[in-house]
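Residue numbers start from 1 in every chain, and the chains themselves are labelled A, B, ... in the order their sequence lines are given, proteins ahead of strands.
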There are 2 protein chains.
Amino acid sequence: MSTSKAELMDVIAAVGGAYYQDFAAVAARQGLTPVQAKVLGAAVRAPLPMRALAEALVCDASNVTGIVDRLESRGLVRREAGPQDRRVKIVTATDEGRAAILAVREDMKSVHDALDRLDEQERDTLHAILQKLLPELSQLTA
Amino acid sequence: MSTSKAELMDVIAAVGGAYYQDFAAVAARQGLTPVQAKVLGAAVRAPLPMRALAEALVCDASNVTGIVDRLESRGLVRREAGPQDRRVKIVTATDEGRAAILAVREDMKSVHDALDRLDEQERDTLHAILQKLLPELSQLTA
DNA sequence: TATTGTTATACTCTATAACTATA
DNA sequence: TATAGTTATAGAGTATAACAATA
């Protein structure tokens, strides 16, 4: 076959885009935007400072204020004082926030089931190749 | 190894996200947002109606008006009358628009070079697997 | 002085609803 | 009646610049 690099990148972009659409649809079912779901998911995995959220979102720190404001006004996260540095605010998920993310994860299983189209060997191969590719793609804008 | 589906999806999402960041950075060098670069790229491939652009962007048709307005005010696209149906407006790239997209494509080559980390067989394998996966992922929100 | 988070501002993208002009 | 595109509106995400509190 001999796939051109541009062709292959197009397919990577298409798969990435399709995944994002699916994720956005699942998040919307909980009344969350994709960015809100991403932040809430991160906070559920581990409480973390505003600054760290900005890095996770690859956006300016000033934006995080509004995003967390909206989550907090819905009672999905709390801002807690940093234990050592009093400038830092730690974003922590509430029980309600945790429940919302659990629902998102549950719904994402139907998206994950798209992988059933691949056999186990294909999944392992895909995983290995993508992990090899990821650092190269990530460092370009880093 | 035996990769879990969730693990594999995380890597797919990470690669998709990294690609998007790279694309956004390249588009920004031409003063374009990612959405603008996508619309302009589509118009350069072939002139097409507003309605078709809305489908390509997976957004409401009303949004396309503003996006095309901004491209048109910069002289990158033109709205032309539809040949048969007078309701339709065909978005066509200008020479300047074409030049901007050529610059984007040129810059994207450095992103494509991330694929040099893979040998030819890996690229063919990756392409084949992703193409098998794409329809499954796409139909969920379709 | 440097860093964390916030505010103020402006722009883009987004959906919804109501409108027009065509078909 | 239905469709293509627009307008009006409101909300969310984004960057920049200036600021307060803390380090």
State whether the side chain of [X] and the backbone N or O of [Y] hold a donor-acceptor pair below 3.5 Å, judged by distance alone.
{"X": "A:Glu72", "Y": "A:Arg79", "answer": "yes"}
{"X": "B:Asp124", "Y": "B:Gln121", "answer": "no"}
{"X": "A:Arg123", "Y": "A:Leu118", "answer": "yes"}

message: For a quick check of understanding: with a heavy-atom distance under 4.0 Å over all strands, which category does B:Thr65 fall into, base, sugar-phosphate or nothing?
response: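 Answer is base: heavy atoms of B:Thr65 come under 4.0 Å of a base.
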message: Any base atoms under 4.0 Å from B:Arg86, or only sugar-phosphate, or nothing? Heavy atoms, all strands.
response: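 Sugar-phosphate contact only - B:Arg86 comes under 4.0 Å of backbone atoms but never of a base.
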query: Heavy atoms, side chains only, cut-off 4.5 Å: are B:Ile67 and B:Arg70 in contact?
result: yes
task: Assign each of A:Gly66 and A:Gln84 to its nearest nucleotide of DNA chain D by heavy atoms, then name whichever residue's nucleotide is nearer the 5' end.
output: A:Gly66
Side chain of A:Arg70 (C-beta onward), nearest among D:dG13, D:dA4, C:dG5: D:dG13
List, with names and distances, any nitrogen or oxygen atoms from the protein found under 3.5 Å away from nitrogen or oxygen atoms belonging to nucleotides 16-20 of chain C.
from	atom 1	to	atom 2	distance (Å)
C:dT16	O4	B:Ser62	OG	2.7

Below the 4.0 Å mark, does [N] have OP1 or OP2 next to a side-chain nitrogen or oxygen of [X]?
{"X": "B:Arg87", "N": "D:dT3", "result": "no"}
{"X": "B:Arg79", "N": "D:dG5", "result": "no"}
{"X": "B:Thr33", "N": "C:dC11", "result": "no"}

message: Would you say CG of B:Asp95 has more than 12 non-hydrogen atoms from neighbouring residues, nucleotides or ligands within 6.0 angstrom?
response: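 No, because the 6.0 Å sphere around CG of B:Asp95 holds 12 heavy atoms or fewer from other groups.
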- prompt: Thinking salt bridges, do B:Lys132 and A:Glu122 make one under a 4.0 Å N-O criterion?
  reply: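 Result for this pair is yes, salt bridge flagged.
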